[in-house]
Amino acid sequence: MREFNELRITGLNKYYGNKKVVDNFNLTIKNGEFVTLLGPSGSGKSTVLNCIAGLVPIDGGSIYIDDECLDDGKKFVPPERRNFGMVFQNYALFPHLSVFDNVAFGLKLRKLPKDIVKEKVIDALKMVHLEEHINKYPRQLSGGEQQRVALARCIVMEPRVMLLDEPLSNLDALSRIEMRYELKALHERLKITTIYVTHDQQEALALSDRIVVLNKGKIQQIGTPEEIYSYPANLFVANFLGFRNIWEVKISRFEGDREVHINLGNINLKAILHEKYKVHVRNIFENNKKPYISVRPEDIELGEGPENNIEVKIDVIEYLGQHKQFWGITSDGINIEISKDADISLKPGDNVKIWIPPERILVFSGED
Ligand SMILES: Nc1ncnc2c1ncn2[C@@H]1O[C@H](COP(=O)(O)OP(=O)(O)OP(=O)(O)O)[C@@H](O)[C@H]1O
């Protein structure tokens, strides 16, 4: 594997017709990193990946590996000379070739001696635990096994960078989790620089060193899974990462630089801001931007608490195995989603007290 320090994407723009589908995308990926592009359908994830692969021409910006220019609109290194490997959602195996021949295909094009090809193919198939399927054809394999062949075909070429476009999305729930584990183990072992595209937040959190959240072609946030999950940069990221209770509010006053008093309709709430947010929220308050708060369903407590007490009437309950999801309504008609252990027994129509720990309330502007 050829070594490098970093893959650098600077000011990348891409248009389809008049529509800007990638807008000033900047990202530097260190050798060995696993970076995920996470966003909803149409946010531009695949387009960024295809630009990096060289499959799609760019309309601005540049892509470098260290000081080697791969694409800057003038200089262009074609995909087959980038030494990047790609794995797609639909496996893209050759149906008429055996597992061995599928994996050997690229090596044979490189005209390597037969015994070396055989050794490398067997090694790659061992890595994805498929050695006993070596003589089968793709139609004789499950979806998960086919995707492992696609992975083996990619790693056998010892690519500098692996580009994976929703590789698990055609698999059933159980195979997805198994393959997620395989991918993670493979990355731990081989440390191939990986860029992974998904719309699945769990997958992104489980696999990545860093996550890039995209919306409408624009980067919303770049961070470790912990940073993105705990400290989303804006309302979009919060919503995408599981903050369900999003309400427009009024900020009545600040106390010090971290305590914010909020009116949600007739309900008075207090939020204690994390260091990361205090400048941002002060800016919302002082510039009269429209403030919103958001709270995770699992952060809402049942019973009477020291502050931020609310009464709700339970409307709908969903049993989800390990936990239950409760929807409550306040007397003002505000819907609140609460997630609690499955052994909590409440029924629709019950009036219950709940409270929100002030540190669990995030405050955002709707304009960001
Ligand atoms: N070849 C193309 N021609 C025209 N428009 C395209 C083309 N490919 C993508 N687009 C548009 O570019 C935008 C970004 O698409 P892209 O496939 O990159 O998004 P995505 O985040 O990967 O979504 P998905 O998860 O649905 O694949 C979308 O609005 C899409 O319709």
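Just so you know, ligand 1 is whichever comes first in the structure, and atom 1 is the first atom listed for that ligand. Here the structure is a predicted model, which means the values were calculated and not measured.
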Under 6.0 Å from the six-membered ring centre of [Y] and within 45° of its axis: does the NZ or CZ of [X] meet both?
{"X": "Lys14", "Y": "Tyr16", "result": "yes"}
{"X": "Lys324", "Y": "Tyr319", "result": "no"}
{"X": "Arg282", "Y": "Phe254", "result": "yes"}
{"X": "Arg296", "Y": "Tyr229", "result": "yes"}

message: In this structure, does ligand 1 have an atom that sits under 4.0 Å from one of the heavy atoms of Gly17?
response: no
field: Lys14 near ligand 1 by a heavy-atom separation under 4.0 Å
entry: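 Under 4.0 Å: no for Lys14.
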- prompt: Who's closest to atom 20 (P) of ligand 1 heavy-atom-wise, of Ser169, Gly42, Cys51?
  reply: Gly42
Donor on one side chain, acceptor on other, His133 and Glu131, under 3.5 Å: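 Per modelled atom types, His133 and Glu131 side chains form no pair under 3.5 Å.
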query: Is the shortest side-chain N to carboxylate O distance from Lys120 to Asp123 below 4.0 Å?
result: no
message: Between Asp200 and Arg176 (salt bridge meaning N to carboxylate O under 4.0 Å), is one present in this structure?
response: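 Salt bridge present between Asp200 and Arg176.
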To the nearest 0.1 Å, how far is [atom] from its closest protein heavy atom, and which atom is that?
{"atom": "atom 26 (O) of ligand 1", "answer": "Ser41 OG, 2.6 Å"}
{"atom": "atom 8 (N) of ligand 1", "answer": "Tyr16 CE1, 3.4 Å"}
{"atom": "atom 25 (O) of ligand 1", "answer": "Lys45 NZ, 3.1 Å"}
{"atom": "atom 27 (O) of ligand 1", "answer": "Ser46 OG, 3.6 Å"}

By number and element, which atoms of ligand 1 are closer than 4.0 Å to a non-hydrogen atom of [X]?
{"X": "Lys19", "value": "29 (O)"}
{"X": "Pro40", "value": "21 (O)"}
{"X": "Glu166", "value": "25 (O)"}
{"X": "Thr47", "value": "14 (C), 15 (O), 16 (P), 18 (O)"}

statement: For Ile361 and Lys270, the nearest pair of non-hydrogen atoms, with its separation, is CD1-O, 3.6 Å
message: Quick check on atom 17 (O) of ligand 1 - does any protein heavy atom sit closer than 4.0 Å to it?
response: yes
field: atom 4 (C) of ligand 1 touched by protein (heavy atom, under 4.0 Å)
entry: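 Within 4.0 Å of atom 4 (C) of ligand 1, protein heavy atoms are found.
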query: Would you say Leu190 and Met127 make side-chain contact, with heavy atoms under 4.5 Å?
result: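 Of all side-chain heavy-atom pairs linking Met127 with Leu190, at least one is under 4.5 Å.
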Proximity of Val21 to ligand 1 by residue part, where a heavy atom lies under 4.0 Å: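 The side chain, only.
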- request: With side chain to side chain donor-acceptor pair (under 3.5 Å) as the test, would you mind laying out the steps for Asn234 and Gln220 before giving the verdict?
  value: CA-CA 8 Å; Asn234 59 35; Gln220 305 294 306; 3.0 Å; yes
query: Any nitrogen or oxygen of Gly44, main chain or side chain, under 3.5 Å from a nitrogen or oxygen of ligand 1?
result: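 N/O-N/O distance under 3.5 Å: yes.
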task: Report yes if Val197 has an N/O atom closer than 3.5 Å to an N/O atom of ligand 1; otherwise report no.
output: no
